[in-house]
Structure formats: C-alpha cells, structure tokens
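Convention: sequence-line order gives letters A, B, ...; per-chain numbering from 1.
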Amino acid sequence: MLTIHYFGEIAEKTGLTSEKLHSQGQHISTVLAELQKKYALENGEFQVAVNHELIDLSQDLELTETDEIALLSAFAGG
Amino acid sequence: MLTIHYFGEIAEKTGLTSEKLHSQGQHISTVLAELQKKYALENGEFQVAVNHELIDLSQDLELTETDEIALLSAFAGG
Amino acid sequence: MSKKVFIEGAISPQFVADSIAKHQSKTNIGAHNIFLGQVREDEAEGKKVTAIEFSCYETMAEKKIAEIREDAFAKFDLICMHIYHSIGIVEVGQLCIFVFVSTAHRPQVYDATEYIVNRIKKEVPLFGKEHFGEEGFQWKRNA
Amino acid sequence: MSKKVFIEGAISPQFVADSIAKHQSKTNIGAHNIFLGQVREDEAEGKKVTAIEFSCYETMAEKKIAEIREDAFAKFDLICMHIYHSIGIVEVGQLCIFVFVSTAHRPQVYDATEYIVNRIKKEVPLFGKEHFGEEGFQWKRNA
C-alpha cells in the first residue's frame, strides 16, 4: 500500500491532502495512470516528487511502501 | 580673484574649507602649481572639480571668477 | 539550519528591521543585500488580485532550502544568509518573501541574492492561489 | 528629486523599515532590492577601525546623485529608487548607505542596485576618515 500526498491545485482537484492507495502495481506509471483517471488530471498538470525530489516521469521508477510520494501543481514561490 | 574650495583630506592639509586666491594666471595649471607649492600637495593626491564636474588636468582649462573650483581627495562613499 | 523559514501571513517591515539590527554586532560584514517580494495588484480578465494564499509541501521545501543555502555558501563568499517566505494569506502591497545576504565586500552580494531567489522560485514547492476578492481565484504559476 | 539624500549619523534599521512600509501602497511594485553598507571593523597596522566620519561636497554630490538617478531610470525599468548616505560619524556595525530599488518584476532589480551603488562609490564626492579609537585615523579611499 502506497501513501500519496497532494499539494496546491492538485490537492484542490483531488479534494484530499493525502490518501492510501491499493495500487495494481508498484511502478510510478501504473500509479499515475490510476490517479489521472480517478481525478481527471491531465499530463503536464502535475509534477511528482518521490522522497522530496522531483522525478523524471520518462523513467518508470518502482515504488516501495516507505517512499514518500507527492503530486504537486506548478510552483509559485517568491 | 578665484575662490577655491577644499574637501576631505585636502581640507585637512590646507587647514581651510575655502579661500580667495589672487592668482598670477587664470589657467588651472598656474593655479594648481601655486596651491601645490603652498600646501605641499603631490600630483595624484587630489582631484579637481570645476562647476561640479571633475576635470581632465591634461587640458589646461582657463578659469573665470564665477567658476566653482574645488580640490578633492579620493572618494570614499558607500 | 534549523531556522524557521516559513512565516504565517505577511512579512512586516518591522521584521526586516529587526533582522538588520541583529547583524550590527557582526563587525566583519560590510555589505547587505535584501530582496523583498511584494504582492502585486495584477489583473486577469478584468479582475484584480487582492491577495495570494500560499501553501507549501513543508518537508520538501525545507530540504530544498537547505540545499540552496548550502550551495550558495559554497558558490559565494557569504557571511550570513537568511530566507523567509510567507504561508497563508498575503494581501496586495504586503511582503511574501525576504532574502537577506551579507558579505564582507560588496561584489558578490547582488549575484548571490539573485541566485538564491531564482532557485527558490524554481525549486521550492510553494503554491499560490491568487484571490480576486469576491470574484474567485486562480492558481499562480512561476514562469 | 528634491529629496533628502544625506542623513546625519548612521542610518537606522527603523528608517529602512519605514521606507519599505511607505511602498506598500504602490501596488504595481512586485520586487524590492535593498543594498546596505555597514561599517566594517577593518584593521590597518594592528589598529582597528572604530568608526568612519563622512563628509561631502554637497552641491556636487547632489548633482551627481541626480544624474545617477536619471541614468538609472533611463537604463532600467524602475518604479521607485531612493538613495541615502550618512554624513558625520558612523560607528562600526552601523549602516552608512541605503539604496532602495523597486520594480514590477524582479529581473532588473539586482543589476539596477549594483549599477547605482557602483556609480555612487565612483562618482559622488564623499570623503571618509577612518577612526581607530584613540589611536588616530586614516583617510579611506575607494578602489
């Protein structure tokens, strides 16, 4: 089971700040496909951080239950 | 008759903030030669402003009585 | 770097003054540079921004700020640097970011400030909802 | 530009705060950059600077600052700029120059500040006598 955190506009779209997910697979592509379908999230609308680092979505990272996974909208600091 | 103003270290060396000068000539070279001798000022130790602009001492400007003439030490603002 | 970076609401001019005053005992400092971001009354489709509501992914933001801090000290010859950013509502005209860089001599102080502000904008997970008074809001995105 | 540039004695952090606060009603401003010069405890031949005593050729200094101001507005896209410099005694750790630049967007704000500070150092007839407590003084000269 994976825990997914949501921030910014993504948290608004999901209506959640985090949730536990029983995913069909442990690859990021599988997880994201499920979440995009569930919340109608477009490609390019979100960034993904794993353990506090933004990841390159072209590499299909395998996740573990201890990973901290977050979907983030565009940054707007400063 | 010319009025000469002194600022910074130059005012300290002359012991004056300004003075009236009966110069032998109205060219800056003549005036400066007199003042350098009188106050033992070395070349390069002072800058000269005429009417609030630093002047190029290689050009031997002719002065008039209405000119505002100032001898300045190195700038140290900021 | 266990210092508090995030401040609830706007950063006050008094907070800036207090930060400056705290550096007056550091007699090796010769130059300070301060960047302040102020919430602008931008317009979008005829509606005016009245405030920005900031939120952040705090654990990641703190980690990123620690990295920026470490890189800035490695890259520039700094004596002190401090970063503060608002969380929550900041009204138009109020300050939302305060970056404070101090060096012995001035040449590096401007570049260091610019470097730090640019990295904060690009890398720190802060989110901003632009409020248009009673007329809704939109999500701000850094270029 | 009939504003007062020269301030008797040190520039206080409170003065900086008040200047910032006065800009909060200008809602087209998005970025402020502030440069502050602080008197450093420099050493020369084993003696420590305790204060700098500034003087200036005021009519020329005001003219030069007006020129710098005009050139800065022509060169950069500024909303506001303010220059303040101390005259008289400024102790170690205290502030002697305050340059405050405000723009709509941040990119030009750092370069504008650097440009203004460099021109002040180079062109404005300000003189500084470094005091070494009871052990004399020497005249400061900008490189």
Side-chain angles (χ1 to χ4, degrees), chain C residues 10-43 48-50 79 91-118 120-121 142-143, chain D residues 10-43 48-50 79 91-118 120-121 142-143:
Chain C
I11 295 163
S12 70
Q14 193 56 52
F15 183 85
V16 178
D18 293 346
S19 297
I20 295 167
K22 279 179 196 155
H23 288 75
Q24 301 206 298
S25 59
K26 299 201 176 182
T27 57
N28 54 339
I29 292 174
H32 300 291
N33 197 231
I34 290 173
F35 178 85
L36 300 169
Q38 184 167 301
V39 174
R40 229 179 12 249
E41 194 182 44
D42 277 342
E43 280 196 36
K48 284 180 176 174
V49 170
T50 53
I79 295 174
E91 311 278 349
V92 158
Q94 293 187 320
L95 305 173
C96 60
I97 180 172
F98 169 26
V99 173
F100 188 6
V101 175
S102 307
T103 60
H105 299 273
R106 93 200 119 92
Q108 294 204 308
V109 84
Y110 316 97
D111 283 354
T113 307
E114 182 171 14
Y115 171 86
I116 294 161
V117 174
N118 286 350
I120 292 169
K121 292 227 173 205
N142 288 343
Chain D
I11 297 164
S12 69
Q14 193 58 51
F15 182 86
V16 178
D18 293 346
S19 298
I20 296 167
K22 279 179 196 154
H23 288 75
Q24 301 207 297
S25 58
K26 302 203 175 183
T27 57
N28 54 340
I29 292 174
H32 301 291
N33 196 229
I34 290 172
F35 178 84
L36 301 169
Q38 184 167 301
V39 174
R40 231 181 8 251
E41 194 182 45
D42 277 342
E43 281 195 37
K48 285 181 176 175
V49 170
T50 53
I79 295 174
E91 310 276 350
V92 157
Q94 292 187 320
L95 305 174
C96 60
I97 179 171
F98 169 26
V99 172
F100 188 6
V101 175
S102 307
T103 60
H105 299 273
R106 93 199 119 91
Q108 294 203 310
V109 86
Y110 316 98
D111 283 353
T113 306
E114 183 171 14
Y115 172 86
I116 294 160
V117 174
N118 287 349
I120 293 169
K121 293 225 171 205
N142 288 342

Note to self: For chain D, which candidate among Asp111(C), Asn118(C), Val109(C) shows the most heavy-atom pairs at distances under 4.5 Å?
What the structure shows: Asn118(C)
Notebook entry, point to check: What's the spacing between Thr27(C) OG1 and Glu91(D) CD if we round to 0.5 Å?
Noted result: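 Between atom OG1 of Thr27(C) and atom CD of Glu91(D) there are 12.5 Å.
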Notebook entry, point to check: What option among Gly37(D), Ser12(D), Ala17(D) has the most heavy-atom pairs under 4.5 Å with chain C?
Noted result: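 Top count of heavy-atom pairs under 4.5 Å with chain C: Ala17(D).
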Margin query: Would you say NZ of Lys121(D) has more than 12 non-hydrogen atoms from neighbouring residues, nucleotides or ligands within 6.0 angstrom?
Written below: yes
Side-chain donor-acceptor contacts of residues 28-36 of chain C below 3.5 Å, not counting sequence neighbours, with atom names and distances?
from	atom 1	to	atom 2	distance (Å)
His32(C)	ND1	Ser102(C)	OG	2.8
His32(C)	NE2	Gln38(D)	OE1	2.6
Asn33(C)	OD1	Thr113(C)	OG1	2.9
Asn33(C)	OD1	Asn33(D)	ND2	3.2
Asn33(C)	ND2	Asn33(D)	OD1	3.2
Asn33(C)	ND2	Ile34(D)	O	2.9

Check: Where on Ile97(C) is there a heavy atom nearer than 4.5 Å to chain D: the side chain, the backbone, both, or neither?
Finding: neither
